[in-house]
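One structure is given here, and the rest of the page talks about it.
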Amino acid sequence: MIEIKTVKEFVENADSIDFDDFISSVIEKCEKIQSKYQPFITINKNHAKPKKGLIHALPVSVKDCICTKDLQSTAGSKILEGYIPPFDATCVTKIKQQGGVIIGKTTQDEFGFGTFNVNSKYAIPKNPFDVERSCGGSSGGAGCITAAADFPHIAIAESTGGSITAPAAFTGTYGLTPTYGRVSRYGLIDYANSMDKIGVIAKSTYDIALMLSIISGYDPLDSTSADLAEQDFTKFIGKDIKGMKIAVPKEYFGEGVDKKIADLIWEKIKQLESLGASYEEISLPMTKYAIPAYYIIAVSEASTNLAKFCGLRYGLHKQLSGNFDEYFASVRSQGFGEETKRRIILGTYARMAGFRDAYYLKALKIRTLIIQEFKKTFKSFDIIAAPSMPVLPLKFSEIENLKPIENYMMDILTIAPNMAGIPMISVPAGLINGLPAGLHLMADHFNEAALIKASSSLEGLE
Amino acid sequence: MKMMMGIEVHCQLSSKSKLFCSCSTDTKDKNPNENTCPICLGFPGSKPKVNKAVIDYGIMVAKALNCKVAEKMYFSRKSYFYPDMSKNFQITQYEIPLAVNGFLEIDGEKIRIKRIHIEEDPAKLVHKGGDITTASYVLIDYNRAGMPLLEIVTEPDFTTPKQVRLFLEKLSSILEHLGVYEAEREASLRVDANISLEGGERIEIKNITGFADVEKALNYEIVRQRGLLRMNMKVERETRHFDADRRVTKSLRKKEYEEDYGYIFDPDLAEVEISKEWLNRIAAKMPELPDQRVQRFVKQYGIDEYQAKVIVYTDKNLADFFEKCCERYKNAEKAAKWIITYLLKSLNWHSISIKQSKVNVDSFIEFLELMDSNTITERYAKELIKEYVDTGISPKELIKGKVKSLSEKDLKDIILKVLEENQKAVQEYLQGKEKSIEFLIGQVLVKTKKQADPKIIRKILLSCIEK
Ligand SMILES: [Zn+2]
């Protein structure tokens, strides 16, 4: 096998590869990685010859909440164990059309409910930098395999409140969360539909831009998909950032943010300045309302999304007995994990008559205000820079001791931009005590170009 | 005793595909669960996509019912666990429905329409080994899941159960004239009726399918509730079910509190903006509505308003049938009379509509013309029309061999013979006993086997006697 490590080299030389040889060696490597770090729920061993295209024969992993035809898709939940979707998600169809090869389904927190990928009855991924530590979540498997793979590969991940940024930051990889509506959600097993975004985790900005070019674009099957023409995002790689205006919000460097991480991020901002960008410190006062509002909207939507899992048509089944209420209650009690049950109960409560106005409807109003605050900022700035995560990758033993509310606070830096649906990228910022930290760049809706420019300008600099 | 009645009508719209997927709505001759896909089965990862044709239909109905159409509308999720729901929530409209504040006039009285909204139909449950309260198990047919429904909610403005039936008939005729629904389809119009009598609480009767059954169910409820109240017993808030076979309502569940459906906006469906252009486009293609048609029938065909209303409100196909007859048959009044009084009676006897029957315009005109040419008498025609509706055989064929065409000369011969045989009656008549002429006419009718018109018989009789 030809030793090609980067995606760019690989796709440029794809014609000279013996596919069967190549893919069997990739699967072998995946199995080795699996035994060490557990990024997968399912490794796909059946491969037809891929189509010719932009990513001919390129190994692609897909987060388990994204439906893949004829390949088990559980969204990390036991209630969907053994579920084989009858159709591909739109992004998977697009990847296959361009010759991508789905090597497996990556592990995640059940339905995306988590920041550390520990809420799973399947594999809990271990951080390749230190197996005692978490890969972040909920797309933990995607970050894990991207960091661990020594073959060309791109991961498809998904974020609702920070599920791409967190694992990218914890595994020292690039993670792009596109603008809401940029990538079709058709085939995504929903967490909170108004905030779910399919995105990419990869080893370089180029890989991110290449995959975004493939999976983005209008999809008639998703009513919330933006009616924009497909475009080639790789053309923004290495573009000059002279004159780029960066906002640095003080709320993102405050209490709860590891000082060492904050310092490292400032170094990165200064690097961008040295490349011709300018920065200014600003305030985003709505930030403090983001977490409660996010959780209310997310659990309200999630609790309705999860109602369909009742053991009648797919997923976990049991011997039919009792009446319908008794039957579905027993299936759901068995199939859902603890965090999932917690969110269903919270969500059902937030939607109840009498609470609905005070919680759900008010949270929607706060979201509108948060969006307005970002919109106002982007009138004067091209990007916002901040740390991706407030902490370095946590040890599993530390996570165990977090109370649910402390756990939710870990999303403080990612929730607001995720709620607003603006695009963001986590860029590896370097190591602290041998552990990776991420620089978070955010831009206005549909301005992924600015993120790609800024991210790629930092590549190769140390 | 004061009472309040209101209804919620669920009308299945006849768009080609379902509300949120491209599955066909035509379930005729389909196996259970054949018209399904990942979207209407609620498979993980599937997303709804609204069928704009359904909104077009909804706007047409809203306009016909004098409602105000929303500028922007949203879909919501109504959550409750029930086996007929593929997602355990129903996509419907809550805060901002398609249209509000309309009315429909029934014999001069306005029944206010509170709201009209679009929603998806749940699957059909097939109860095995009993009815909804006694079945031992239930099968689910998702062919119906995701069918487009229009829910029309009235204010509690009805004063009698009969008025409710008239409302439903007129509404059904409007929907047919708009071409948005098929009356023939199974359970295409389902009604939830609510009724409260002074001193009692509100009772809801769910899911009644026939218009006559709605009237019966409400009448039954009035008697039942009145009885309870007279005995100083409580009428408690509950949901009941109408047993059409036994013509009674049965309790389904007591309602102690308002059900909580935990509505949220459906985040998979973007808001739908209904622009001025959209409304204008619909306005331009609004067809003639029943009330306008009634007025036109009165003017154009000279029939009276009552007749026009019966023809138009019974069934759009009947109105179409009448108009087709009038294209070639000039005595519209006679056609109207025979359609309303005799044809409709025979159709109702068989509980079929004109469309389901074998009656057609050509043979019906033939039938009318048989009377005009005195080939058959009106009296015989009344018998003949039943046979015609039963068999669908053309009236000309039916009378072959039974009626030898009776010429005026033949009739005169018969009359002369009757006069000869009944000299006594003739004498009595000549002495001023008017009644005797009736006796003579009767005798002629017997001899002609009722195949002559009594008016003509009288005319000939009198002329012969005078001679
Ligand atoms: Zn369907």
Side-chain angles (χ1 to χ4, degrees), chain A residues 65-67 73-75 77 80 83 85-90 181 184-190 192-196 219-225 297 300-301 303-310 312-315 320 323-325 327-329 347-356 360-361 364, chain B residues 19-22 33 36-52 74-92 94-95 123 125 133 135-140 142 145 257-272:
Chain A
C65 59
I66 297 167
C67 288
S73 305
T74 71
S77 181
L80 277 174
Y83 174 61
F87 61 94
D88 272 327
T90 298
S184 167
R185 290 183 299 112
Y186 194 83
L188 170 67
I189 301 174
D190 311 302
N193 325 47
S194 70
M195 298 185 282
D196 294 345
D219 179 10
L221 294 176
D222 173 4
S223 331
T224 61
S225 140
I297 296 171
S300 294
E301 292 182 10
S303 61
T304 64
N305 288 325
L306 298 179
K308 61 166 75 89
F309 302 108
C310 59
L312 277 189
R313 292 166 302 274
Y314 40 74
L320 281 172
N323 62 29
F324 178 60
D325 289 6
Y327 175 73
F328 81 71
T348 307
Y349 183 80
R351 291 185 284 119
M352 271 166 64
F355 301 109
R356 205 174 159 267
Y360 173 68
L361 293 178
L364 292 181
Chain B
L19 180 52
F20 296 117
C21 62
S22 53
N33 299 309
T36 57
C37 72
I39 297 170
C40 53
L41 286 174
F43 268 47
S46 69
K47 306 266 178 279
K49 171 91 185 178
V50 71
N51 176 355
K52 287 271 167 71
Y74 302 84
F75 286 97
S76 291
R77 293 178 169 183
K78 177 182 181 177
S79 294
Y80 62 99
F81 281 79
Y82 206 68
D84 63 0
M85 304 249 290
S86 60
K87 302 178 288 291
N88 285 316
F89 62 76
Q90 181 190 26
I91 305 178
T92 178
Y94 184 58
E95 269 104 344
L125 296 182
T133 53
S136 53
Y137 67 99
V138 173
L139 297 175
I140 310 174
Y142 290 97
Y257 52 89
E258 199 62 50
E259 268 159 282
D260 193 341
Y261 295 114
Y263 287 96
I264 61 165
F265 292 109
D266 192 307
D268 275 334
L269 291 158
E271 64 181 31
V272 181

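Proteins get letters first, then strands, A, B, ... in listed order; numbering begins at 1 in each.
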Pairwise distance CG(A:N193) to CG(A:N305) - rounded to 0.5 angstrom: 4.0 Å
Relative to chain A, which segment of B:F265 carries a heavy atom at a distance below 4.5 Å: side chain, backbone, both, or neither? both
Sort A:L306 into side chain, backbone, both or neither according to what part of it lies under 4.5 angstrom from a heavy atom of chain B. neither
To the nearest 0.5 Å, what is the distance between CG (B:D268) and CZ (A:R185)? 4.5 Å
Just so I understand: if I count every heavy-atom pair under 4.5 Å between each of B:G42, B:P48, B:A270 and chain A, which residue has the most? B:G42
The interface call for A:F328 against chain B, heavy-atom contacts under 4.5 Å, is side chain
Heavy-atom distance under 4.5 Å to chain A: side chain of B:F81, backbone, both or neither? both
Comparing B:C21, B:G262, B:P44 against chain A, the one with the most heavy-atom pairs below 4.5 Å turns out to be B:P44
A:L364 portion near chain B, given a 4.5 angstrom heavy-atom threshold: side chain
Which atoms of B:Y82 come close to chain A, meaning under 4.5 Å heavy atom to heavy atom: side chain ones, backbone ones, both, or neither? backbone
Whatever's closer than 4.5 Å to a heavy atom in chain B on A:I189 counts as both
To the nearest 0.5 Å, what is the distance between CG on A:D219 and OG1 on A:T90? 3.5 Å
With a 4.5 angstrom heavy-atom cut-off, could you sort out which part of A:I66 is near chain B: side chain, backbone, both or neither? neither
Under a 4.5 Å heavy-atom cut-off, does chain B meet the side chain of A:Y327, its backbone, both or neither? neither
So OG of B:S76 and CD of B:Q90: to nearest 0.5 Å the spacing works out to 11.0 Å
Expected output: side-chain A:R351 to main-chain B:I264 donor-acceptor under 3.5 Å: no
Find the one option among A:E301, A:M195, A:K308 whose heavy-atom pairs under 4.5 Å with chain B are most numerous. A:K308
Hey, which of A:A75, A:S194, A:A353 has the most heavy atom pairs under 4.5 Å with chain B? A:A353
Look up atom CD in B:E271 and atom CG in B:D266, then write down how far apart they are to the nearest 0.5 Å. 13.5 Å
With a 4.5 angstrom heavy-atom cut-off, could you sort out which part of A:P85 is near chain B: side chain, backbone, both or neither? neither
So for A:Y349, is it side chain, backbone, both, or neither that comes closer than 4.5 Å to the heavy atoms of chain B? neither
Report yes or no: does A:D222 contribute a side-chain atom to a donor-acceptor pair with the main-chain N or O of A:G181 at less than 3.5 Å? no
Applying a strict 4.5 Å limit to non-hydrogen atoms, the region of A:Y186 in contact with chain B is both
Side chain B:K49, main chain A:P220, donor-acceptor under 3.5 Å: yes
Could you tell me whether B:F75 and B:F20 have their ring centroids closer than 6.0 angstrom? yes
Within this structure, what is the CE-OH distance for the pair B:M85 and B:Y142, rounded to the nearest 0.5 Å? 10.5 Å
